[in-house]
Amino acid sequence: MLRDVVHRTDPELAALLDLEDQRQRDKLRLIPSENYTSQAVLQTLSSALSNKYSEGYPGKRYYEGQQYIDAIEQLCIARAKSLFGAEHANVQPYSGSPANLAVYLAFCKPGDVIMGLGLPAGGHLTHGWNVSITGKYFTSVAYGVRKETGRVDLNEVEALAKKHTPKILFCGGTAVPRTIDFAGFAQIARSVGAVLVADIAHIAGLVAGGAHPSPVGHAEVITTTTHKTLRGPRGGMILCNANHAQALDRAVFPGLQGGPHNATVAALAVALKEAQSEDFRRYAHQIVRNSRALAEALLARGYDLVSGGTDNHLILIDLSNKEIPGKRAAQALDRAGIETNYNSVPFDPRKPFDPSGLRIGTPGMTSRGMTESEMPQVAAWIDRAIAAEKRGDAQQLSTIAAEVRELLLRFPAPGL
Ligand code: DSN
């Protein structure tokens, strides 16, 4: 119905929207930060809330007409607090990066020392990497992963923290295939007087569904996006202990942002309700089972996985031993109907725009209902596509894309 209206108003744009829907239906979407939101979330995003300005917080706005907006934001906050067991929630950050910037603004002055996982080791740009404002305006110290294990070594983190005494210590990242030891990080942060910030953007849905330990009770501040494993709209959220509520709220507004995106806040409220369900718990645990099954199938085919496997939704493949760079592999896989992203691996000798790795994950396909039974087939397609690309067999890539489409007919894409 809504799309019909767009077709009448702007057929050129509507045709592109239709094509993107079709692409998301037909492709095996393995990018670990992507997912399929529900129809309820998508419909809420396109509501009249998009017409409204609401600078401020419920009960303290700078614009009138907030009777329903206040109720919506309060509902969203209450659901976020209850789902994660947090004392305070701010649901206004536009996404994960602004949520992280708010943390800097709340706790640091320019030039202060901060610590986070380095980008090449799986950290996020906003954890202090040098090309980000967070690496330019603050004195950033990066910890890494051990070459032999591909895992964070808390002894290294502790030694660096003791030497540099950061104001804030980030844990979490964008290419971390293993469980994050929040308690271990908390002990280090406490010992040097740093605020521990757990960036759970990737794993928020796993935490909510009980498939990854929760940082609540360990990290004083938790930041997240809302659209990855959590399966909500594109957005961000900050959870924290009550004593940090005022500083973080002020940092988000008026420190960094103007009016919240009300339709996004409302859609997040819907997603948080969905995340309270038993279905969501099953989905979260299935993501991990699928990921482990896929990792095993890839290992059996000789793929080198960073850290040797996975505990969560994400698998980082080092393609060096397959003698194909990540970008070429990802482009070939896309032609074979399998969507991934190329990614640096720890200690990567190649450049970030043409790295050695491929990052894949199971949230999207789990949302479509796939289970462990499909994972050997997925690994076989990846392997066949990479071999086909190496011998220049474009026909084989098209054949795989057709097989992928055929399988996906059995697993309808939610929301589309
Ligand atoms: N772009 C996100 C991801 O793909 O992990 C991180 O910001």
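Indexing begins at 1, ligand by ligand and atom by atom, following the structure's order. Quick note: residue numbers are just sequence positions, from 1. All values derive from a computational prediction rather than experimental measurement.
Protein heavy atom nearest atom 1 (N) of ligand 1, with residue, atom name and distance: S33 OG, 4.8 Å. For atom 7 (O) of ligand 1, the closest heavy atom belonging to the protein is H124 NE2, 2.8 Å.
Taking NZ of K273 as the reference point, atom OG of S38 lies at 12.0 Å (rounded to 0.5 Å). In this structure, the separation between OG1 on T139 and NZ on K167 is 10.5 Å, given to the nearest 0.5 Å.
Residue H202 approaches ligand 1 through these ligand atoms, each under 4.0 Å from one of its heavy atoms: 3 (C), 5 (O). Short contacts between ligand 1 and T174, defined as distances under 4.0 Å to a heavy atom of the residue, involve ligand atoms 5 (O), 6 (C).
Side chain to side chain, R190 and Q187 fail the donor-acceptor criterion of an N or O pair below 3.5 Å.
Among the atoms of R359, some N or O lies under 3.5 angstrom from an N or O of ligand 1. Considering backbone and side-chain atoms together, K228 places no N or O closer than 3.5 Å to any N or O of ligand 1.
With a 6.0 Å cutoff to the six-membered ring centre and a 45° limit on the axis angle, R231 counts as a cation-pi contact of Y283.
Protein heavy atoms are found inside the 4.0 Å sphere centred on atom 4 (O) of ligand 1.
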| field | CA sep, side-chain torsions, deciding dist, call: Y143, F170, ring pair (Phe, Tyr, Trp, His ring centres under 6.0 Å) | value | CA-CA 10 Å; Y143 57 90; F170 273 96; 9.9 Å; no

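In terms of modelled atom types and a separation under 3.5 Å, the side chain of T174 and the main chain of H124 share no donor-acceptor contact.
By the criterion of a heavy-atom distance under 4.0 Å, neither the backbone nor the side chain of E34 is placed next to ligand 1.
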